[in-house]
Amino acid sequence: MKKIALVCALALAGCSTTQVEWQQDNQIKVAEATVVLKSNLWINKMPSIGEAQDQMLNGAIYLQATSELPAELAVEGLTIKQGAETWLIDGNDLELRTHSETQWEVAFKWQLEVDDTQPVDVAVQLKDGEAVKWLVEHDVKVDTVY
């Protein structure tokens with residue numbers, strides 16, 4: 001419940017703590033590597049017995065690099081935008097999975113009131129030493145799983 005309150009508070013505040021660079025695209029240069037963002041989002045509408053069915057947005061966000069990702073690179077947060085709504089998911093609530101030295105996956109499951117018929121914009125905030133960098137993927141389709 002605290003997570004929902006935090007998301008709502010940040011959405012109402014316009015995410016004033018973080019200024020997303022929405023004009024950025026899905027590629028950046030980090031050290032010697034070019035990093036590309038690819039987002040997969042879905043809502044699981046599979047009925048389950050004995051559980052209230054909340055709308056949970058699931059995400060698998062891939063960071064693919066042309067060479068080894070630096071060890072000091074950190075995922076600070078994830079922002080999802082749909083229309084006038086903006087939701088911030090703190091880095092502590094994201095699961096970072098390292099598939100290889102050149103591919104990371106940022107996974108999450110979060111209760112959001114996303115319209116799955118409309119695309120969203122996804123922004124990942126990275127911290128490379130002291131530098132803050134953004135990767136943004138526009139018009140990401142939200143799939144539905146039954």
Grouping I, L, V, M, F, W and Y whenever their side-chain heavy atoms are under 4.5 Å apart, do [X] and [Y] come out in a common cluster?
X	Y	value
Leu96	Val36	no
Trp87	Phe108	yes
Val122	Trp42	no

Lys81 NZ/CZ over Trp22 ring centroid, <6.0 Å and within 45° of normal = yes

Here the pair of heavy atoms bringing His138 nearest to Gln24 is NE2-O, 3.3 Å

Val136 versus Ala123, closest heavy-atom pair with distance = CG2-CB, 3.9 Å

For the atom pair [atom1] ([X]) and [atom2] ([Y]), what is the distance rounded to the nearest 0.5 Å?
X	Y	atom1	atom2	answer
Ile61	Glu95	CD1	CD	13.0 Å
Lys133	Gln125	NZ	CD	13.0 Å
Gln27	Thr66	CD	OG1	9.5 Å
Leu94	Glu105	CG	CD	11.5 Å
Thr79	Ile89	OG1	CD1	8.5 Å
Leu135	Leu63	CG	CG	6.5 Å

Could you tell me which residues satisfy side chain to side chain contact (heavy atoms under 4.5 Å, CB included) with Pro70, sequence neighbours excluded, listed by chain and number?
-> Val30, Ala31, Glu72, Leu73

Set of residues satisfying side chain to side chain contact (heavy atoms under 4.5 Å, CB included) with respect to Gln103, sequence neighbours excluded | Tyr62, Gln64, His99, Ser100

Between [X] (side chain only) and [Y] (backbone N and O only), is there a donor and an acceptor less than 3.5 Å apart?
X	Y	value
Lys141	Gln118	no
Asp90	Gly77	no
Glu68	Ala71	no

Would you mind reporting whether [Y] and [X] have side-chain heavy atoms less than 4.5 Å apart?
X	Y	value
Val132	Glu76	no
Asp143	Ile43	no
Asn58	Leu41	no

Neighbour count >12 (heavy atoms, 6.0 Å) for atom NZ, Lys109 = no

Just wondering, are more than 12 heavy atoms of other shown residues or ligands nearer than 6.0 Å to CD in Glu32?
-> no

Side chain to side chain contact (heavy atoms under 4.5 Å, CB included) assessment of Leu69 paired with Thr102 | CA-CA 6 Å; Leu69 287 160; Thr102 61; 5.7 Å; no

Could Asp116 and Lys45 be called an ion pair, given the rule that one side-chain N must be under 4.0 Å from one carboxylate O?
-> yes

State whether a side-chain donor-acceptor pair under 3.5 Å links Ser39 with Glu137.
-> yes

Side chain to side chain contact (heavy atoms under 4.5 Å, CB included) between Val75 and Leu126, worked out | CA-CA 5 Å; Val75 177; Leu126 301 175; 3.8 Å; yes

Among Val20, Ile28, Leu78, the one residue meeting side-chain contact (heavy atoms from CB on, under 4.5 Å) with Val124 | Leu78

Tell me, with the steps shown, if Asp121 and Asp139 meet side chain to side chain contact (heavy atoms under 4.5 Å, CB included).
-> CA-CA 6 Å; Asp121 294 339; Asp139 298 322; 4.3 Å; yes

Is there a side chain to side chain contact (heavy atoms under 4.5 Å, CB included) between Val106 and Trp104 once you walk through the steps?
-> CA-CA 7 Å; Val106 179; Trp104 291 357; 5.6 Å; no

